[in-house]
Amino acid sequence: MEENNFGQQPINGYEGVNVTLPPQKQSKKGLAIASLILGILSIVGLCCCCFNVITAPLAIIFGIIVLCKHMDGTGLAVTGIVTAVLSLLVVVGVFFSVREIMPYSEQIANDYMQLIAEQDKVFPAYEEDGTLPDYLEKYTETPYTEMLEKYDLTFYDVMDVLLEQYKLGALKDVYVVSGMDSEYDMTDQPEAEMGILLPA
């Protein structure tokens, strides 16, 4: 009995007719599904870059394996790769947009905490004649003005927004947890109402 060109054993049918069965293809969608899930998690986990940089590369790797090995679920794999790449592009875009601010981030955070702590003194004075405390004057000069200009903003625009939030009482819900002395009395507010905890 001769073998066919595909290396498959023919099966004897009725009246000497040879019938060749096609090879059975096993479904292997595990990696494709994993790529899709990890790609979706990469989008969902954009708020946490540490989580995103783990799930996105894995989604891309699994998806590429599926495509290269011609496994089942190529559509799922492609979707996983696309979502993972998009999430990485968002992370890279955010990084490049804030990289100039990062060297000043600690100083900005400290000044913001002091501003919140002294809000009852700073904002009334600013509303009256635009007066800024000494520790905020530097934000009207370079390099801060250059960074804000990229967003078509000035520091006074930022202060105007914060002033509106102060008038609405929104800044009262911001509590400063640090070791510095402050005129802001935290004991007047119940612990259950504590909102944003800013790092020292």
Side-chain angles (χ1 to χ4, degrees), residues 37-56 59 82-200:
I37 293 175
L38 290 171
I40 294 173
L41 290 177
S42 299
I43 294 291
V44 175
L46 281 175
C47 57
C48 180
C49 294
C50 295
F51 182 75
N52 176 270
V53 297
I54 295 174
T55 57
V82 171
T83 53
V85 170
L86 287 176
S87 68
L88 288 177
L89 289 176
V90 171
V91 171
V92 172
V94 171
F95 172 77
F96 278 100
S97 66
V98 301
R99 63 176 178 172
E100 295 182 356
I101 302 177
M102 292 180 68
Y104 310 98
S105 59
E106 184 176 355
Q107 181 64 55
I108 293 173
N110 289 335
D111 290 339
Y112 178 72
M113 289 190 293
Q114 186 172 354
L115 171 62
I116 296 301
E118 300 175 354
Q119 57 184 292
D120 290 331
K121 178 173 64 176
V122 173
F123 288 111
Y126 174 76
E127 184 178 21
E128 182 178 354
D129 54 13
T131 301
L132 293 174
D134 293 339
Y135 62 90
L136 294 181
E137 285 287 348
K138 60 178 173 288
Y139 294 103
T140 62
E141 304 169 355
T142 56
Y144 300 101
T145 53
E146 295 176 354
M147 290 187 290
L148 289 171
E149 283 175 359
K150 293 183 178 181
Y151 303 96
D152 295 325
L153 292 172
T154 67
F155 183 67
Y156 293 102
D157 294 329
V158 176
M159 285 297 295
D160 289 341
V161 172
L162 291 175
L163 176 61
E164 292 300 321
Q165 295 298 310
Y166 170 76
K167 290 180 178 180
L168 294 173
L171 298 184
K172 292 293 184 180
D173 295 329
V174 180
Y175 291 81
V176 181
V177 180
S178 67
M180 68 180 182
D181 293 332
S182 171
E183 297 179 7
Y184 187 64
D185 188 3
M186 296 174 58
T187 60
D188 292 339
Q189 304 290 342
E191 295 181 359
E193 294 181 0
M194 290 188 67
I196 302 174
L197 298 180
L198 298 176

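Values reported hereafter were calculated over all heavy atoms of this structure, with side chains retained and with hydrogens, waters and symmetry mates removed.
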On a heavy-atom basis, which atom in [X] and which in [Y] lie closest, and how many Å separate them?
{"X": "L136", "Y": "M159", "result": "CD1-SD, 4.3 Å"}
{"X": "Q119", "Y": "I116", "result": "NE2-O, 2.9 Å"}
{"X": "Y144", "Y": "K138", "result": "CD1-O, 3.4 Å"}
{"X": "G130", "Y": "Y156", "result": "O-CE2, 4.4 Å"}

Worked verdict on Y139 versus L132 for side chain to side chain contact (heavy atoms under 4.5 Å, CB included): CA-CA 10 Å; Y139 294 103; L132 293 174; over 6 Å; no
Find the distance between [atom1] ([X]) and [atom2] ([Y]) and round it off to the nearest 0.5 Å.
{"X": "R99", "Y": "I101", "atom1": "CZ", "atom2": "CD1", "result": "12.0 Å"}
{"X": "Y104", "Y": "M147", "atom1": "OH", "atom2": "CE", "result": "6.0 Å"}
{"X": "D160", "Y": "F155", "atom1": "CG", "atom2": "CZ", "result": "10.0 Å"}
{"X": "I37", "Y": "T55", "atom1": "CD1", "atom2": "OG1", "result": "12.0 Å"}

Would you mind writing out the side-chain donor-acceptor pairs for residues 83-95 within the sub-3.5 Å range, not counting sequence neighbours?
{"unit_1": "T83", "atom_1": "OG1", "unit_2": "G39", "atom_2": "O", "d": "3.4"}
{"unit_1": "T83", "atom_1": "OG1", "unit_2": "T79", "atom_2": "O", "d": "3.0"}
{"unit_1": "T83", "atom_1": "OG1", "unit_2": "G80", "atom_2": "O", "d": "2.9"}
{"unit_1": "S87", "atom_1": "OG", "unit_2": "N52", "atom_2": "ND2", "d": "3.1"}
{"unit_1": "S87", "atom_1": "OG", "unit_2": "A84", "atom_2": "O", "d": "2.6"}

Residue set satisfying side chain to side chain donor-acceptor pair (under 3.5 Å) with E164, at least two apart, ordered chain then number -> none
Are Y166 and E127 close enough that some pair of their side-chain heavy atoms sits under 4.5 Å apart? no
Would you say L148 and D157 make side-chain contact, with heavy atoms under 4.5 Å? no
Would you find more than 12 non-hydrogen atoms of other residues, nucleotides or ligands less than 6.0 Å from E141 atom CD? yes
Just wondering, more than 12 heavy atoms not from D134 lying within 6.0 Å of its CG? no
Say whether Q107 and D111, considering side chains only, have a donor N or O and an acceptor N or O under 3.5 Å apart. yes
Sorted by chain and number, sequence neighbours left out, ring pair (Phe, Tyr, Trp, His ring centres under 6.0 Å) with Y126 holds for none
